[in-house]
Number of protein chains: 2
Amino acid sequence: MGRPKTNEREDIRSLVLEKAKALFLKEGYASITIRKIARAIGYTPATIYLYFQSKAEILYELHNEGFRLLYEYKMKIGEAGTSGAMERLRNGGKVYIDFALENPDYYELMFNMPEPRNFMNMHRKGAAEDYAMRSYEFLRQSVQRCKDEGYFKDVDVDTAAFTFWSVVHGMVALIIRKRVPYPQAPTRQLAHEAIEFFGRLMTMERFVSDTRNSLKVIEG
Amino acid sequence: MGRPKTNEREDIRSLVLEKAKALFLKEGYASITIRKIARAIGYTPATIYLYFQSKAEILYELHNEGFRLLYEYKMKIGEAGTSGAMERLRNGGKVYIDFALENPDYYELMFNMPEPRNFMNMHRKGAAEDYAMRSYEFLRQSVQRCKDEGYFKDVDVDTAAFTFWSVVHGMVALIIRKRVPYPQAPTRQLAHEAIEFFGRLMTMERFVSDTRNSLKVIEG
DNA sequence: CTATTAAATAAACAGTGTTTATTAAACTCG
DNA sequence: CGAGTTTAATAAACACTGTTTATTTAATAG
């Protein structure tokens, strides 16, 4: 008890975050307790409450870290030389799926917790960087490029972005949470095939001026 | 204490389920405790454990009830005279969204809990009716009809069904869990627009024989 | 009218997230 | 230097949680 040996102020915070991350990813959020985290870093539960207001705040911090990681995944696409906007969008979908299936626990942290945006206002200074937002902006930009190339003529950019995000999110959510009552559980391969299928649907759309009206098509 | 006044055996079970459902739907699963349920029906916590092995089993029972309800929603489509398979599929998507947004807590129960299929084996006799499965079969059938009418030529029925389910599940999941970082939160209207958009993509697909190859299209 | 059966319970167990009063080490300053 | 202040860390408690146990009590059977 008492004060410790000249600990550099305020990096117990990252100590907690690191350990909590490791524990969450290994045993899942629900089964990890404040006491376990405290024991793992050699402090008492009460100490953690000097640096975080609640277990939920630790979660939010990691939630944002998850989106930062996703953002990095997506950044890889920008580097690889892709030919068209649509291909870029499709690759974005695949990268998203890869991220989610390679980091399912992170994904759970990011999408399976009570609204984290409720905290943000209270305890963080300027909300620092909201990677969830940046991630969405990235998608929005990709969709806008598609529109510039003639796709998605009769739908606004947010609706299209929302649709596309829903597809990939829905896929990984169903897979990760094992909610698909298949004989054999769906795999990443199925998801990739589905994205290919979906991508073909979208690619096709460019050839049609206004899909709400009747149209003539010659098969080739 | 002691034995009660000639209670018909085994319908405390449904008493618990009814009350738990009402409480879950009003205050959310997490914040409802066994003690609260017990108090609400005028029994003690231990009594509940005579009829359910765990809180999770109560959840599974309601989970299945949720899928039964969804199944009923979907059955309404069969009645309404729809012209084509594709319209039927699109309507199915809208009904699915309506169900989810009208019963968000049910939807949480159904998709946001640890795998419920793990219980099933142990405690229920013949698993009775698995409405999750039946619901999927319904979708699969709708997709098959689309294939019969010439859609989805170069994709197998399960991949197409998975894709379609992912779209609607993704949409409602993002909306319900408020994970869309829009200025204004997305509404049911946005979801319906997105489904329309997606539906148009699919409708279009019929006119193309093999979408993997190049094609000629004359705009009309 | 006892003996048995079984429904319901009280009370405990082992945990949880969180709060409070207290300790003890480090720093400040007269 | 030594007293006073600040502050990191804690021990211990609080009010809960899901679940289990031994016990009571009422209805039924012989």
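Sequence lines set the chain letters: A, B, ... in the order given, protein chains first and strands last, and positions in each chain run from 1.
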Check the orientation of B/H169 and B/F111. Use parallel for under 30°, tilted for 30 to 60°, and perpendicular for over 60°.
tilted
How long is the line joining CD1 of B/I41 and C1' of C/dA8, in whole Å?
12 Å
So, are A/E72 and A/R68 salt-bridged, with charged N and O less than 4.0 Å apart?
yes
Atom CG of A/L50 to atom P of D/dT7: distance rounded to whole Å?
13 Å
Both conditions, 6.0 Å and 45 degrees, for the charged tip of B/K55 above the ring of B/Y29: are they met here?
yes
What one should report as the nearest heavy-atom pair of B/R35 and B/P45 is CG-CG, 3.7 Å
Separation of B/Y29 atom OH from D/dT17 atom C1', in whole Å?
12 Å
Would you say the side chain of B/I175 lies within less than 4.5 Å of the side chain of B/L190, judging by non-hydrogen atoms?
no
Can you tell me how far C1' of D/dT7 sits from OH of A/Y51, to the nearest Å?
10 Å
Tell me: CD1 of B/I37 to C1' of D/dT17, nearest whole Å?
13 Å
Checking side-chain polar atoms at under 3.5 Å, does A/T163 have a donor or acceptor matched by the opposite partner on A/S166?
no
Backbone N or O of A/V155 within a donor-acceptor pair of the A/T159 side chain at under 3.5 Å?
no
A/Y96 vs A/W165 aromatic rings, parallel, tilted or perpendicular, using cut-offs 30° and 60°?
perpendicular
For a stem of at least 3 consecutive Watson-Crick or G-U pairs with distances under 3.5 Å, i pairing with j, i+1 with j-1 and so on, which stems involve DNA chain C?
C:1-30 with D:1-30
Distance-only, no hydrogens or angles: does the A/N64 side chain make a donor-acceptor pair with backbone N or O of A/Y131 under 3.5 Å?
yes
Please give, in whole Å, the distance from D/dT7 C1' to A/I12 CD1?
12 Å
Taking OH from A/Y43 and C1' from D/dA11, how many angstroms apart are they, rounded to a whole number?
17 Å
Are OP1 or OP2 of C/dA8 and a side-chain N or O of B/T44 less than 4.0 angstrom apart?
no
So which protein N/O to nucleotides 15-18 of chain C N/O distances come out below 3.5 Å?
residue	atom	partner	partner atom	Å
C/dT16	OP1	A/T33	OG1	3.2
C/dG17	OP1	A/I34	N	3.3
C/dG17	OP2	A/I34	N	3.0
C/dG17	N7	A/R35	NH1	2.6
C/dG17	O6	A/R35	NH2	2.9
C/dT18	OP2	A/Y49	OH	2.4
C/dT18	OP2	A/K55	N	2.9
C/dT18	O5'	A/Y49	OH	3.0

